[in-house]
4 protein chains.
Amino acid sequence: MTDKKQHILEHALELFAEKGFEGTSIRDLAARADVNVAMVNYYFGSKEKLFEQLVAHKAAYARVALEELANNPNYSEIEKVDMIIDNHIKKLFGNRKFHRVLHQELMLSQREALQAAIVEIIYPNSLIMRGVIESGMKSGLFKKVDAPLVIATITGTINQVLLSRRMCNKLLNKDEAYVPYDDTRFAKRLADHLKQMIRAHLLK
Amino acid sequence: MTDKKQHILEHALELFAEKGFEGTSIRDLAARADVNVAMVNYYFGSKEKLFEQLVAHKAAYARVALEELANNPNYSEIEKVDMIIDNHIKKLFGNRKFHRVLHQELMLSQREALQAAIVEIIYPNSLIMRGVIESGMKSGLFKKVDAPLVIATITGTINQVLLSRRMCNKLLNKDEAYVPYDDTRFAKRLADHLKQMIRAHLLK
Amino acid sequence: MTDKKQHILEHALELFAEKGFEGTSIRDLAARADVNVAMVNYYFGSKEKLFEQLVAHKAAYARVALEELANNPNYSEIEKVDMIIDNHIKKLFGNRKFHRVLHQELMLSQREALQAAIVEIIYPNSLIMRGVIESGMKSGLFKKVDAPLVIATITGTINQVLLSRRMCNKLLNKDEAYVPYDDTRFAKRLADHLKQMIRAHLLK
Amino acid sequence: MTDKKQHILEHALELFAEKGFEGTSIRDLAARADVNVAMVNYYFGSKEKLFEQLVAHKAAYARVALEELANNPNYSEIEKVDMIIDNHIKKLFGNRKFHRVLHQELMLSQREALQAAIVEIIYPNSLIMRGVIESGMKSGLFKKVDAPLVIATITGTINQVLLSRRMCNKLLNKDEAYVPYDDTRFAKRLADHLKQMIRAHLLK
DNA sequence: TATGAATGAGCCTTCATTCAT
DNA sequence: CATGAATGAAGGCTCATTCAT
């Protein structure tokens with residue numbers, strides 16, 4: 001992919017995250033990326049296709065494998081859960097703009113095809129988490145729990161603080177200027193909370 | 001409020017939930033509610049004000065008596081937590097369209113005033129939950145936990161399954177036609193998961 | 001005519017003078033006159049008809065007779081010219097809002113029928129002036145002059161200072177807040193100028 | 001400036017002169033100039049800015065060398081006045097559409113910024129005339145006169161016949177089809193009237 | 001007589017997109 | 001490969017007017 005396309009995608013991500021798909025105009029985008037308005041259609045065909053390419057392009061990050069971790073026999077299931085939590089927080093915090101864009105789309109009932117694609121991006125990680133949890137249950141290390149909902153808890157808790165900074169800050173009693181996602185202490189705090197809770201829930 | 005206004009608000013809620021604020025045009029809205037396009041501006045002044053009124057109107061439901069529950073001395077803190085979970089699931093499931101609309105807006109960095117209003121709607125519930133948890137910690141019933149993040153877990157878990165039916169079904173291995181939110185067994189399943197996990201996390 | 005109609009016409013005159021016909025909405029008008037928007041159509045049938053009635057109603061003032069003066073044998077023609085000038089200034093200054101409305105319409109090539117009506121309002125006065133001037137020429141008191149253009153000079157000079165206060169003040173080196181039309185000294189100054197010039201032009 | 005812009009401006013001038021600023025819609029304008037409705041905003045940004053550019057563009061004609069004439073020592077003041085009158089009539093007759101547009105705006109109390117711009121266009125000419133008259137008074141050639149009002153007479157007389165053809169024809173006893181502004185004999189007649197009158201008024 | 005509610009048409013503007021170069 | 005020019009469609013909104021009461 002050319003640098004220019006990369007450049008446009010990068011700025012598009014920001015704008016979509018800030019203003020949503022409909023709220024972002026090609027003019028906005030061209031202005032922000034400092035390219036001609038015709039460039040977008042020239043490179044991507046349409047605004048919608050740009051959006052799809054953005055998802056496809058950025059999705060790469062999501063496909064870095066939790067898999068290895070899941071298959072590694074050197075760790076116990078509970079250690080794997082801990083690592084998954086750490087890994088997940090790090091990844092989502094680092095890609096929070098993209099993550100917001102995904103969730104915006106997921107929430108709407110338009111662009112169904114894209115939604116399916118997004119699910120395919122997000123779901124594999126869930127599957128791996130599930131594998132670990134079920135393995136833990138089978139081996140007798142974990143209690144019998146509702147694995148899908150445990151996963152919903154892990155991702156849901158992270159999303160809850162990730163998707164709206166305003167809401168997050170209110171919850172944490174922070175002032176509006178605080179950016180929790182750049183604060184490694186907050187990442188640790190969140191990870192600790194999740195690990196502790198999930199351990200209490202899973203371990204016999 | 002007149003029936004017509006109610007009527008418009010009801011349909012607007014649907015559309016906003018499906019297509020987002022920007023994605024919904026006044027013409028869409030008028031067509032869905034079967035009124036003249038000028039009606040919307042006649043009644044509400046502008047699309048934005050319609051949205052605000054929608055939030056203000058629907059927000060009424062949110063001010064139900066969680067507070068009474070929290071202050072009721074007949075229940076222990078852990079019982080209160082259970083009840084809060086049940087109450088929360090019921091309330092959010094029943095108003096999921098509105099809830100989706102709120103979260104869409106919350107995710108974007110536009111219409112700041114509206115966001116602040118939304119926070120004011122959602123936050124009080126968090127505050128009450130927090131009071132219960134802290135009371136439980138003080139009384140020695142609960143372990144020392146990160147109360148704000150416990151709340152994030154409760155609301156985040158519910159949101160995770162609520163905000164995207166497609167994602168939820170995928171997670172649960174259900175087919176696409178399944179509507180978990182109308183299935184009381186699913187509500188119970190979710191409540192059980194949350195209660196069990198939160199109990200494990202909170203109780204000494 | 002009812003008080004209410006009068007009331008509406010009065011406020012309509014102001015608005016039309018300030019903002020023009022197209023620039024004035026029935027809503028503006030209803031708000032300014034503090035009546036229901038439907039009143040205007042109820043009373044006058046349409047915005048255009050209101051305008052026509054406004055012209056017809058206010059035109060009455062214009063038909064107060066210069067005639068008597070013109071036919072009065074006790075005055076010489078030059079005395080009559082002086083009186084016509086004084087009379088004209090007084091009348092136009094006193095009805096400057098209406099006069100502005102007339103000239104706005106006269107300048108546009110819409111509402112042709114109305115234009116004809118406006119000409120009929122203004123023209124008679126010209127005719128009388130013309131009679132006086134021609135009588136003066138015939139009696140040998142006046143030089144041979146271009147009577148229609150003399151009239152154009154009298155009315156044109158008054159209009160020049162009357163139709164745009166901003167331009168008038170600039171010309172007179174007055175600040176923007178000055179309202180020349182309420183200042184009797186300015187009326188006298190204008191009359192003196194016209195009389196002196198017209199006398200120099202007419203008298204042998 | 002591109003041909004297309006010129007083209008639009010030309011037709012816009014016509015329409016504004018016929019129907020006023022508010023009375024002219026962008027659709028009218030696009031239809032008359034045979035361009036897309038979006039073109040106007042593409043080129044000018046808004047209807048109001050189009051108008052401003054129209055004024056700015058056409059105003060160029062107004063900055064002709066009246067000044068040189070006024071400063072030319074080879075002519076006496078009365079000769080200069082004569083030349084100013086000729087020059088003024090020629091200029092205004094030749095740009096009567098533009099001139100009507102200016103006066104329409106000048107008459108209304110909206111778009112104040114534009115009015116100020118218009119005054120800046122028209123006023124310099126007045127200033128030059130004034131300089132000539134005052135110079136004549138100082139040199140003893142002219143009587144003591146009210147210079148600003150002499151200018152009001154010159155411009156006012158021309159405007160009086162210029163701004164409404166209908167009124168002008170009525171005054172001149174011409175039929176409605178007559179176009180005085182294309183008739184050089186009428187221009188001469190008007191010039192003769194003004195020169196003769198102003199001479200009688202000014203010269204000792 | 002008087003008016004709040006309702007409407008279809010039209011307003012200016014911006015949109016995503018296409019095209020000629 | 002890149003882009004300024006151009007466009008039809010749609011955007012939110014206001015208009016004068018009508019209607020039921």
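Here is the naming used below: chain letters follow the sequence lines, and residue numbers restart at 1 for every chain.
Counting only N and O atoms by type, the side chains of B:Asp34 and B:His11 include no donor and acceptor under 3.5 Å apart.
For the pair D:Lys47 (side chain) and D:Phe21 (backbone), a donor-acceptor distance under 3.5 Å is present. Judged purely by atom type and a 3.5 angstrom limit, B:His7 has no side-chain atom pairing as donor or acceptor with the backbone of B:Asp3.
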Completion exercise
With both pairing distances under 3.5 angstrom for Watson-Crick or G-U wobble, and | for a partner in another strand, the correct string for DNA chain E is .||||||||||||||||||||
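Of the residues in residues 18-43 of chain B, B:Arg27, B:Asn36, B:Ala38, B:Met39, B:Tyr42, B:Tyr43 come within less than 4.0 Å of DNA chain E through at least one heavy atom, sorted by number.
The pair B:Lys58-B:Glu10 counts as a salt bridge, with a side-chain nitrogen and a carboxylate oxygen less than 4.0 angstrom apart.
Residues passing the salt bridge (Lys or Arg N to Asp or Glu O under 4.0 Å) test with D:Arg27, sequence neighbours excluded: none. Every residue meeting the side-chain contact (heavy atoms from CB on, under 4.5 Å) condition with C:Tyr42, not counting sequence neighbours, appears here in chain and number order: C:Met39. In this view, A:Ala38 and A:Asn36 satisfy the side-chain contact (heavy atoms from CB on, under 4.5 Å) rule, not counting sequence neighbours.
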Practice task
Tell me, with the steps shown, if D:Glu22 and D:Arg111 meet salt bridge (Lys or Arg N to Asp or Glu O under 4.0 Å).
Solution key: CA-CA 11 Å; D:Glu22 300 274 0; D:Arg111 288 177 287 282; 3.2 Å; yes
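As rounded to whole Å, 13 Å separates atom P of F:dA2 from atom NE2 of A:His7. Atom CZ of A:Phe44 is separated from atom P of F:dC1 by 13 Å (rounded to the nearest Å).
Nucleotides of DNA chain E that come within less than 4.0 Å of any heavy atom of chain A span, from the 5' end to the 3' end, E:dC15 to E:dT18.
Summarising the local packing, NZ of C:Lys19 is surrounded by more than 12 heavy atoms from other residues, nucleotides or ligands at distances under 6.0 Å.
Comparing D:Lys4 and C:Lys47 against DNA chain F, the residue whose closest nucleotide sits nearer the 5' end is D:Lys4.
Both tests pass for B:Lys5 against the ring of B:Phe44: distance under 6.0 Å to the centre and angle within 45° of the axis.
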